[in-house]
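First up is the structure itself, then whatever we jot down about it.
Owing to the predicted nature of the structure, the values given are computational and were not obtained by experimental measurement.
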Amino acid sequence: MNGLRRSLAAVFLIWLCTAAGAAGTEDDRAATARAVVERLQDALLEAMKTGSYGARYALLDPVVRETHDLGKIARVALGRSVWKTLSEAERARYLALFAKMSVASYARAFKGYSGERFEIVSVQPVRKNGMFVRTRLHKADGGVVQLDYHLIRQRDGRWRIVNVVSDGVSDLALKRDQFRDIIQSRGFEALLAEIESQARPHPPR
Amino acid sequence: MRPSPRAVPGRTALVGLAALILAGCATTPPKPPANPDPFESFNRDVYQFNDALDRAVFRPVARAYLRYVPDPARRGVNNFFTNLTGPNVVLNDLLQGKFRQAFEDGMRFVFNSTFGIAGLVDVASSKGLVRHEEDFGQTLAVWGFPQGPFLMIPVLGPFTFRALPGAAVGYFTYPLFWVEDARITTPLAALGFIDLRAGAETTIRVVEETALDPYVFVRNAYLQRRNFLIWDGDPPVEDLLDELDEMDTQENDGMQTGDAGPSP
């Protein structure tokens, strides 16, 4: 009887430890994912207070590359079927241009600081290895933009952003629809040319 | 979206309305069609027309308004016109069975129309009565009507077939529609249009600065935004997660062929 009680106690202890451990990692994960979003948003505020486009680009370049999984985003935006048909050289060119365009679009959009602030609303796990960080951008005029970040845990345990949804509009879906249309109507080279023009400070349009 | 059974008064009209509401609660918005834009070439022509008209007329007016009218005045104007959509919001709250929200939006309209000086000041928001966006197009979606083809309407811009009746309902529930004196309604309608266009200025700039294909950008963003509103800010994310699953297998392919990863 004593032996049974002892083994039950042992089982209970083990259960308690693993449960606490699991809860701990869950919280740690949420905190790590949250920190990635905070790092990006701090940099965006910093960029808004920075004068020239060039300076903003230089400031954001390392942060955007570190906080986003640009390789994954680029491949989903292009679509699996197209990606498979590309040569190594084409893939490398596409990925390089895509990363530049991503940094450039941040550097263009986040300028002219006038009292904006970010607020993190919630962090929730989604399916396997995913985390959904809901945030709000409070604009100077009282307007609010809902910005939701989808993060995925990498093999090395780091979290990276794979999608940004602003007021319900998914950036990934928006890119994929446009990319598909341009490839279908004008081909892959035309898509590269469009991305290249968007990677420049002032698009021709 | 949960059906909420409740006692219904004996009047036939009310029974009919309640039946509609319950029917609405029981369904979820249907999935978008495989090809949302069967009239693309026509729509692209209309988009070109709208874009040219905007550059020639509406944009200069909106920019002048943004430059010369001070911010507090513009905010008052925007509050005034936003408040006028109140009755439409309340009606569609009711039609979707959102009774609590209908009560809140009703109070919002009453507070802002009185204490808020005909809606110029948004007193309700500071009292915690936040604004909801509802229209008859969303109601039809909640009732289970399919999205229908995407349409680019001259002057007005993007729509879906399902959103069109919403424009009509919005028109008839707009308090200014019931004012007969054209000396009042004409300048107010003009000011309302300028307010609407000025409010869209940031969005339009984003399109110009980041779109690779502006038409596809506008279509996709509009359809996503409508879906977001229909699901009250919380649309199902299954599609995206499926994409990510697909990508994981793709990544395994990438490993074999030598993945380039984020560029140097």
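Contact of A:F98 with chain B is not made at all, since no heavy-atom distance falls under 4.5 Å. When heavy atoms are compared at a cutoff of 4.5 Å, B:R205 does not approach chain A at all. The part of A:I182 that comes within reach of chain B is its side chain, from C-beta onward, which places non-hydrogen atoms under 4.5 angstrom from that chain. Contact of A:L191 with chain B is made through the side chain alone, with heavy-atom distances under 4.5 Å. Only the side chain of A:R134 comes within less than 4.5 Å of a heavy atom of chain B; its backbone N, CA, C and O stay farther away.
Rounded to the nearest 0.5 Å, atoms CZ (B:F217) and NZ (A:K175) are 8.5 Å apart.
Residue A:F118 qualifies as enclosed at atom CZ: its count of foreign heavy atoms under 6.0 Å is above 12. For B:F145, the CZ atom counts as loosely surrounded, since its 6.0 Å shell holds 12 or fewer non-hydrogen atoms of other residues, nucleotides or ligands. No more than 12 heavy-atom neighbours from other residues, nucleotides or ligands sit within 6.0 angstrom of CZ on B:F115. Residue A:K49 qualifies as enclosed at atom NZ: its count of foreign heavy atoms under 6.0 Å is above 12.
Across A:A74, A:A104, A:G168, the residue that shares the most heavy-atom pairs under 4.5 angstrom with chain B is A:G168. Chosen from B:V216, B:N220, B:N227, the residue pairing most often with chain A at heavy-atom distances under 4.5 Å is B:N220.
No donor-acceptor pair closer than 3.5 Å links the side chain of A:Q198 to the backbone N or O of B:L212. Under the 3.5 Å distance criterion, the side-chain polar atoms of B:Q224 are matched with a main-chain donor or acceptor of A:S170. For A:R108 (side chain) and B:E209 (main-chain N/O), a donor-acceptor pair under 3.5 Å exists by modelled atom type.
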_A:V169/B:F228 under side-chain contact (heavy atoms from CB on, under 4.5 Å): CA gap, chis, key distance, verdict_ = CA-CA 8 Å; A:V169 179; B:F228 177 77; over 6 Å; no
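Under 4.0 Å is where a charged nitrogen must lie from a carboxylate oxygen, and between B:D213 and A:R186 no such pair does. A salt bridge is defined here as a Lys NZ or Arg NE, NH1 or NH2 lying under 4.0 Å from an Asp or Glu carboxylate O, and B:R226 with A:D167 fails to meet this definition.
Two residues are said to be in side-chain contact when any heavy atoms from C-beta on lie closer than 4.5 Å; A:M101 and B:T210 fail this criterion.
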